[in-house]
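Take a look at this one; I'll ask things after.
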Amino acid sequence: MKGWVIGIDVGSLTTDAVIMDEDKRVLSFSIVDTGYNSTDAAREAMTVAAGRAGLELEDVSRLVATGYGRAAVPEANKRVTEIACHAAGAVYLFPDTEMVIDIGGQDSKVIKVGKDGRVQDFVMNDKCAAGTGRFLEVMSAKLKIPLDGMGDISISARGEAAISSVCTVFAESEVVSLVARNCPKEEIVKGIHRSVVNRVWAMTRQLRVSGGVTMTGGVAKNRGVVALMEERVGRRINVPDEPQIVGALGAALFALREK
Amino acid sequence: MSIAPEIRYRFMKDIGAPLVMGMAGLKGKRKAAIKRDIPLGPPLKCSKRLKEIMTRHYFLSRYAEGARPVAWVTSGAPVELLRAFDFYTVYPENHGALCGAQKLGPELCSIAEGHGYNQDLCSYARIDIGVCLSGKTPVGRLPRPDILFASNNICQTVMYWYRVLAHHWKIPLMVFDTPFNFVSLDRSAITYMVRQFEEMIPELERISGRKFSEKKFKEVLRLGKSSAMAWGEVLATMKTVPSPMTIFDAFVHLAPIVSLRGLPVTLEYYNVLLSELKDRVSKGIGAIVNERKRLMWDNIAIWYKIRDFSRLFAERGMNFVTATYTNAWAETISYMDERNPMESLAKAYSLVILNNNLDHRLKLMERLIKEYQVDGLVIHSARSCKPYSVGQYDLKRLLMERLAVPSVVIEADITDFRAYSEEQTTTRLEAFFENIEDGG
Amino acid sequence: MHLDLETRTRKDYIREQKSLHGRKVMGVFPAQYPRELLLAMNILPVEIWDPPLRTREASAHLQSYICSVVSLGLELILQGKCSDLDAFLFPHTCDSIQNLASIVNDYLGIHKPCYFFYHPKAPYKRASRPYYISQLKELKSGLEKQFGELRETDLKRSVDRWEEIRKDISKCYLLRSEGRLNTSNRAFYSILRRVEYLHPDDFHPLLTNFLQSGRTETERQGHGVLLSGVLPNPPEVLDHLDAIGVRVVDDDLLSCSRRFLSGPVSNSDPYEAMAETYFSLPPCSTRGSAIEERLNHILKKIRSSRADGVIFLIVKFCEPEFFDVPILADSLKKEGIPVLVLENEINQALSGQIVTRIEAFAEMLG
Ligand code: SF4
Ligand code: SF4
């Protein structure tokens with residue numbers, strides 16, 4: 001098979017690859033841990049994805065890299081930021097998208113996109129971890145609840161614990177004292193989700209978008225966060241089946257565009 | 001100015017306001033009857049009257065628009081000048097404190113943050129900008145200003161903040177620039193300030209559509225000065241052991257001198273409060289049941305914690321008897337002198353604590369510690385307020401060195417409790433309590 | 001004697017200025033101050049904006065919510081790195097510098113004379129100008145007590161000299177905005193920022209040389225941006241813009257154009273001339289200019305330099321700048337001009353996140 005491309009997203013936690021043909025059909029994808037060597041991780045992700053699609057890596061016609069480690073992919077024909085890639089990927093999946101919310105491991109971004117899939121404006125969180133996946137990770141470790149179980153737990157909560165601090169360290173101590181006061185776990189988790197959502201929501205307000213909203217990034221899998229975010233923005237939010245690979249998907253779209 | 005708003009304002013002032021005032025008083029009464037705090041002494045009878053006055057002020061503000069020229073004013077601005085033109089004044093800082101006390105800080109701040117205002121900016125400013133952008137306020141409605149009046153004698157921040165307001169409301173910003181006293185107040189600075197007043201008068205005449213009346217101005221100065229002196233006497237009653245009032249009361253009873261300065265009601269009020277306090281002193285009634293230790297507070301209040309803190313400290317027999325913050329309105333306003341109005345006004349406003357060097361602050365605190373027999377100091381490091389907070393670590397060290405006064409720093413904010421950690425504060429305070437008990 | 005300015009450190013330079021030229025050296029905190037006056041008294045101003053240090057001692061005196069310009073400035077003093085300085089000058093720039101000045105003067109007990117300079121915060125008032133002049137004169141008489149009498153002729157010469165330099169700085173800006181200055185972003189600011197500590201005898205030749213050797217007639221390639229904010233830091237931002245082919249074509253930086261690009265001087269009295277210079281500087285948040293005025297100034301610059309976008313480089317916790325930014329950014333966006341707001345510590349290395357922001361912004365430019 002000729003004319004297929006790879007998009008690769010080298011993130012701080014995982015490295016994802018998406019293989020796409022000329023008709024913009026996804027042939028396969030892979031998600032591997034980034035580990036300590038981004039270049040190796042990128043190779044591994046590509047090999048796995050190619051294997052799944054039954055293709056030989058040598059035959060790839062173009063390769064576009066994105067993500068923090070995009071510079072560490074020597075084979076890339078082009079490098080594009082994950083901002084542009086998430087925007088392109090989200091519009092490909094949901095053509096009504098006007099705003100992309102990507103809550104990633106290290107940072108969160110809110111992107112305003114035009115109908116053509118191009119970035120019109122964007123905001124990112126500041127240095128601190130509040131409002132990112134990292135915040136959830138810290139809290140899941142504190143509460144001894146697996147990260148991917150947090151969403152379901154919070155959905156079952158009847159009440160909600162108030163967590164007011166914006167700083168991760170302060171919030172952590174708030175959680176500790178809630179635990180000490182025997183506050184139900186699900187209510188604490190819901191409060192934690194609320195805190196992430198409030199942070200990200202403040203970012204969305206800066207862009208003032210009224211159209212479709214798509215959530216990408218690993219945290220989009222957390223039903224609790226998505227539900228609270230929907231409540232906050234006041235409309236349904238598009239969530240892809242595989243929210244983590246949207247960046248790589250966008251990179252693949254860029255690879256096709258440049259052909 | 002059209003007639004209808006004028007009539008409506010008068011009506012509300014004469015009939016509507018007394019009604020709400022009565023209601024506000026009732027509410028207060030009911031609460032007081034239900035809740036009795038054990039470690040605290042009997043509540044001040046005056047509180048009801050204060051509530052009425054402030055409720056009336058905010059209630060009337062809704063009708064002021066169109067009836068009287070409206071100014072939004074910073075807490076340290078020489079409002080006496082505006083009073084001479086009969087401006088209705090709104091104090092966003094006072095309003096911010098009120099929102100803070102009602103725990104609305106984060107909510108209103110985040111509206112401003114949603115418009116790109118950085119989280120690290122003064123939270124009074126963020127609250128106010130949030131209020132302007134959304135129209136939300138717990139007092140119903142704030143009247144649209146005709147003019148903004150700011151002085152940088154408390155901070156430069158108010159200048160930045162009011163510029164945002166000027167842009168938002170598309171109205172003039174009048175600035176009273178008070179050169180900071182790095183060393184001492186000099187002649188050229190006084191001349192500069194007096195000249196600014198002279199430039200303001202014709203402009204205020206134009207905006208208000210009223211002529212400047214020297215007579216009225218002098219009357220306002222006299223009233224302002226007397227109220228400040230009465231407030232000073234109110235605070236001075238706290239020198240008595242046990243103190244008839246706590247600083248947490250004072251934070252609340254400060255409202256008239258901040259936002260109704262130069263009006264007859266303020267002087268009347270403080271005279272009533274003063275006689276109540278004197279009565280308590282003569283009967284030996286303290287604000288807390290068992291006053292064992294006397295403390296000083298530094299910086300603006302942590303508005304959302306006032307209730308909790310007053311209990312927390314009272315339970316341990318500790319009473320706050322003085323604060324640099326409450327003192328600020330008694331300290332320099334008494335320099336006002338109707339015989340030399342402009343120059344004395346310039347002095348009164350440029351010599352305030354926050355426009356003065358840190359050596360001045362250190363000496364002031366030393367004096368208060370001695371006069372009020374202070375055993376310990378609680379320092380609020382307020383994230384919002386750089387001019388008040390930068391230098392506190394050294395102040396702490398120096399006061400310990402010179403007077404051996406134990407102290408504790410609480411990292412918090414005036415209204416934005418997202419920057420406050422209950423756990424961290426408790427730990428610090430407990431260490432402080434141990435320390436102070438050891439000391440004697 | 002030929003000065004090899006590239007290789008010598010600031011410290012060596014200061015020592016040499018003292019030993020070879022008998023100059024006194026004044027450590028000056030940001031931002032605006034009458035350098036003409038100091039230089040006329042043979043005092044070399046050495047500005048303290050971004051000392052290459054890590055905060056260690058300063059956190060015992062300053063809370064964590066104070067900007068890094070102030071905390072690193074204090075750090076420099078606390079680490080004993082100011083021993084060569086004869087005095088400090090603190091202009092009244094913002095609340096944080098104001099209190100820093102007072103901490104240094106009142107609390108630290110470092111026994112070094114401190115001078116203060118208050119500039120009027122209401123530049124549109126009639127009262128401001130005479131006050132500014134009285135401040136200049138007061139500073140002068142204060143300095144005379146330590147450094148000896150100032151001769152009027154020296155002052156006049158110094159004022160003229162600074163005007164010449166400012167003209168050449170303006171020329172650099174003009175050529176750059178027209179794309180006729182062949183220089184990298186990094187090189188431009190590293191030359192310009194030498195003004196922060198070089199004596200005019202050394203700075204002026206450096207500048208004119210840069211101006212002559214950099215002139216080119218070729219058209220600008222790639223995208224152009226205007227930089228706003230406090231100072232062009234961290235410098236790695238400039239490097240990165242260079243690397244991705246984005247040119248800084250103009251700026252509205254407090255440490256740069258907002259202090260240098262004033263109008264021509266017509267007055268022959270040196271104090272009047274200094275006041276004229278000061279009051280014709282571009283609008284600035286630290287001097288009380290209306291936001292509208294600053295916006296129009298930036299828009300004008302964007303038009304004349306054909307900038308494709310604006311990057312605000314704001315020092316974390318900087319109140320004067322952060323209050324202006326939302327309205328500026330919003331209004332620029334409404335005009336269809338892309339805006340990027342970056343918040344950093346002045347000496348912070350470029351994080352991957354900031355790199356991504358810059359690149360995504362460059363992608364937005366088209
Ligand atoms: S809290 Fe401080 S910074 Fe804010 S307005 Fe008051 S004095 Fe200014
Ligand atoms: S960066 Fe801003 S806050 Fe810091 S010293 Fe400069 S003007 Fe002041």
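Because the structure is predicted, anything quoted here is derived from the model rather than measured. The chains referred to below are lettered A, B, ... by the order of the sequence lines, with proteins before strands, and numbering in each begins at 1. When reading the values below, keep in mind they use all heavy atoms of this one structure, side chains included, and skip hydrogens, waters and symmetry mates.
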Query raised in the report: Is the backbone of V390(B) close enough, under 3.5 Å, to the side chain of N99(C) for a donor and an acceptor to pair up by distance?
Result: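 Yes.
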Query raised in the report: Taking the inter-plane angle between the rings of F90(C) and F29(C) on a 0 to 90° scale, is it parallel (under 30°), tilted (30 to 60°) or perpendicular (over 60°)?
Result: parallel
Query raised in the report: Which region of H167(B), side chain (C-beta onward) or backbone (N, CA, C, O), has a non-hydrogen atom less than 4.5 Å from a non-hydrogen atom of chain C, or is it both or neither?
Result: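 Only the side chain of H167(B) comes within 4.5 Å of chain C.
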Query raised in the report: Which region of E198(B), side chain (C-beta onward) or backbone (N, CA, C, O), has a non-hydrogen atom less than 4.5 Å from a non-hydrogen atom of chain C, or is it both or neither?
Result: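 Answer is neither: E198(B) stays 4.5 Å or more from chain C.
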Query raised in the report: Measuring heavy-atom distances to chain B, does Y118(C) have an atom under 4.5 Å in its side chain, in its backbone, in both, or in neither?
Result: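 The side chain, not the backbone.
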Query raised in the report: For D330(C), is it the side chain, the backbone, both, or neither that has a heavy atom closer than 4.5 Å to a heavy atom of chain B?
Result: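 Neither part, no heavy atoms under 4.5 Å.
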Requested in this report: Would you check if R163(B) and I327(C) make a side-chain contact, meaning some heavy-atom pair closer than 4.5 Å?
Outcome: no
Query raised in the report: Tell me, side chain or backbone of S128(C) under 4.5 Å from chain B's heavy atoms, or both, or neither?
Result: both
Query raised in the report: Side chain, backbone, both or neither: which part of L362(B) has a non-hydrogen atom closer than 4.5 Å to chain C?
Result: both
Query raised in the report: Quick one: are the ring centres of F197(B) and F176(B) less than 6.0 Å apart?
Result: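 When the ring centroids of F197(B) and F176(B) are compared, they turn out to be within the sub-6.0 Å range.
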**Report entry** Heavy-atom contact with chain B under 4.5 Å, split by part of A329(C)
**Finding:**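 Nothing of A329(C), per the 4.5 Å heavy-atom cut-off to chain B.
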Requested in this report: With a 4.5 angstrom heavy-atom cut-off, could you sort out which part of A122(C) is near chain B: side chain, backbone, both or neither?
Outcome: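 A122(C) touches chain B through backbone and side-chain heavy atoms alike.
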**Report entry** is_close_aromatic(Y132(C), F117(C)), centroid dist under 6.0 Å
**Finding:** yes
Requested in this report: Side chain from CB out, backbone as N, CA, C, O: work out which of these in I314(C) comes under 4.5 Å of a heavy atom of chain B, or both, or neither.
Outcome: neither
Query raised in the report: Given a strict heavy-atom distance threshold of 4.5 Å, which part of N152(B) is in contact with chain C: side chain, backbone, both, or neither?
Result: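 Only the side chain of N152(B) comes within 4.5 Å of chain C.
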Query raised in the report: Between Y65(C) and F317(C), is the gap from one ring center to the other below 6.0 Å?
Result: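 Ring-ring flag for Y65(C)/F317(C): false, centres at least 6.0 Å apart.
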